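Quick caveat, the model's predicted, so the values are computed rather than measured. Chain letters run A, B, ... following the sequence lines, proteins first and then strands; every chain starts at 1.
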2 protein chains.
Amino acid sequence: MEKFIDNLKEKLKEKGYKLTPQRRAVLEVIITNEGEHLSTEEIYDIVKKNCPDIGLATVYRTIQLLDKLDIISTLYLDDGCNRYEFNIQNGEHHHHHLICESCSKVIEVKIDLLEKLEEEIQVNYGFEILDHKVQFYGKCENCK
Amino acid sequence: MEKFIDNLKEKLKEKGYKLTPQRRAVLEVIITNEGEHLSTEEIYDIVKKNCPDIGLATVYRTIQLLDKLDIISTLYLDDGCNRYEFNIQNGEHHHHHLICESCSKVIEVKIDLLEKLEEEIQVNYGFEILDHKVQFYGKCENCK
DNA sequence: TATCATTTGAGAGACATTATTAATTGAAAA
DNA sequence: TTTTCAATTAATAATGTCTCTCAAATGATA
Ligand SMILES: [Mn+2]
Ligand SMILES: [Mn+2]
Ligand SMILES: [Zn+2]
Ligand SMILES: [Zn+2]
């Protein structure tokens, strides 16, 4: 954990931002709940346990900042709000998500396998790909 | 155009819905503006020209219905609202989108090339894939 | 310790979307 | 054709997510 906080501090300092207790607390919640894809409101509820006076606006601001610094990623899983997750390996393209249309479970896919498609796109469309978001919709093991 | 409306009428009837002038008008706007990725508000503004008394809530309801009937698809392109497009070939998986992080231009990619990845997912995760949404983020030809 | 730009919490505000409700419509029955 | 009645509509209120504003607090630096 401490190494992630150090990395946060470094990235913040690089851009002239400060490492505040609130920012530390928000990132800790996101890391501790890895794989949960928490919304801002959910992060707010958890972070208040250790940081009771934090304001919701601060959570929103911190999340925006963490996203800008590439420390977290934003997901949209079709349920009306943005959700967030920690970028374990910095600079890596994002993993994929399987969304079950029956039970709404979200499953993570760690294999990427988009190299060939990305290569074709770069060549045929002259588009430089920096990241991707891939969602598959269907039925999970239990629901099909 | 008329064949798409006939298809709409058929699908509506199948489920006990009626083909109203409002529903016809909304679908016509989406088809006529293919590739535009219109938002609900944008559809509303265009459809009012031929259908001045239509209400915004009706446009929202119609879009929900068209999506449920698989006549249109919902996109989320990170600009704060849902956007929609006509599903030309019914039952086909959805094409991909390239989103330029500099000028916000959205480019469509007609090639799919996800077969291998989808195959691996079905085998390794026991997940039955019915559709996907794929967005690539980066720099377009003009911006890189 | 004094300075001062950054950050914060509280609450107002903006915006997209959904719910409510009374009136209208239109397809099937009489 | 007229009657019937559930489906649909327009208008508008309500909701939920997120952003903005601003005065107070904080914390790095001198
Ligand atoms: Mn994930
Ligand atoms: Mn498209
Ligand atoms: Zn499921
Ligand atoms: Zn561009």
In whole angstroms, how far is the P atom of dT8(D) from the CD1 atom of I63(B)? 16 Å

Atom CG of D78(A) and atom P of dT17(D) are separated, to the nearest Å, by 15 Å

Could you pull out all residues at least two apart from K110(A) that satisfy side-chain hydrogen bond (donor to acceptor under 3.5 Å, both in side chains)? E108(A)

Below 4.5 Å, heavy atoms only, C-beta onward: do I99(B) and S104(B) meet side chain to side chain? no

Closest to the 5' end of DNA chain D, once L19(B) and Y44(B) are matched to their nearest nucleotides, is L19(B)

Answer yes if the side chains of Y17(A) and K68(A) hold a donor-acceptor pair under 3.5 Å, and no otherwise. yes

Of V109(B), I111(B), L113(B), which meets side-chain contact (heavy atoms from CB on, under 4.5 Å) against H96(B)? V109(B)

Under 4.0 Å from any heavy atom of chain B: name the first and the last nucleotide of DNA chain C that qualifies, 5' to 3'. dA16(C) to dG26(C)

On DNA chain C, check which nucleotide each of T20(B) and L56(B) is closest to and give me the residue with the more 5' one. L56(B)

Scan side-chain atoms only and decide if E85(A) and H95(A) contain a donor-acceptor pair under the 3.5 Å cut-off. yes

Heavy-atom donor-acceptor pair, R61(B) side-chain to dA7(D) base, under 3.5 Å: no

Using whole Å, report how far OH of Y60(B) lies from C1' of dA13(D). 15 Å

5' priority, DNA chain C, between P21(A) and K13(B) [closest heavy atom]: P21(A)

Between T58(B) and dT9(D), is there a side-chain N or O to OP1/OP2 distance below 4.0 Å? no

Under 4.0 Å: is that the gap between some side-chain N or O of N82(A) and OP1 or OP2 of dC18(D)? yes

Salt bridge between E36(B) and R83(B), side-chain N to carboxylate O under 4.0 Å? no

Taking CD1 from I54(B) and C1' from dT8(D), how many angstroms apart are they, rounded to a whole number? 12 Å

Between CZ of R23(A) and P of dA28(D) the distance, given in whole Å, is 11 Å

The dot-bracket string of DNA chain D, counting Watson-Crick and G-U wobble pairs with both distances under 3.5 Å, using [ ] for crossing pairs and | for pairs to another strand, is ||||||||||||||||||||||||||||||

Report yes if the side chains of L12(B) and L65(B) come closer than 4.5 Å at any heavy-atom pair, otherwise no. yes

Among the nucleotides dT8(D), dT17(D), dA10(D), which one has an atom lying closest to any side-chain atom of C81(A)? dT17(D)

Figure out the CG/P separation between D53(A) and dT26(D), and round it to whole Å. 10 Å

Is it true that the side chains of D78(B) and Y137(B) contain a donor and an acceptor less than 3.5 Å apart? yes

For the ring pair H94(B) and H97(B), is the centre-to-centre distance below 6.0 Å? yes

Name the nucleic acid region contacted by P52(A), choosing base, sugar-phosphate or nothing; use a 4.0 angstrom heavy-atom cut-off, strictly under. nothing

Take the protein atom CD of Q64(A) and the nucleotide atom P of dC18(D), then report the distance between them rounded to whole Å. 10 Å

Between Y60(B) and Y44(B) (judged by ring centroids, cut-off 6.0 Å), do the two rings come close enough to count as a pair? no

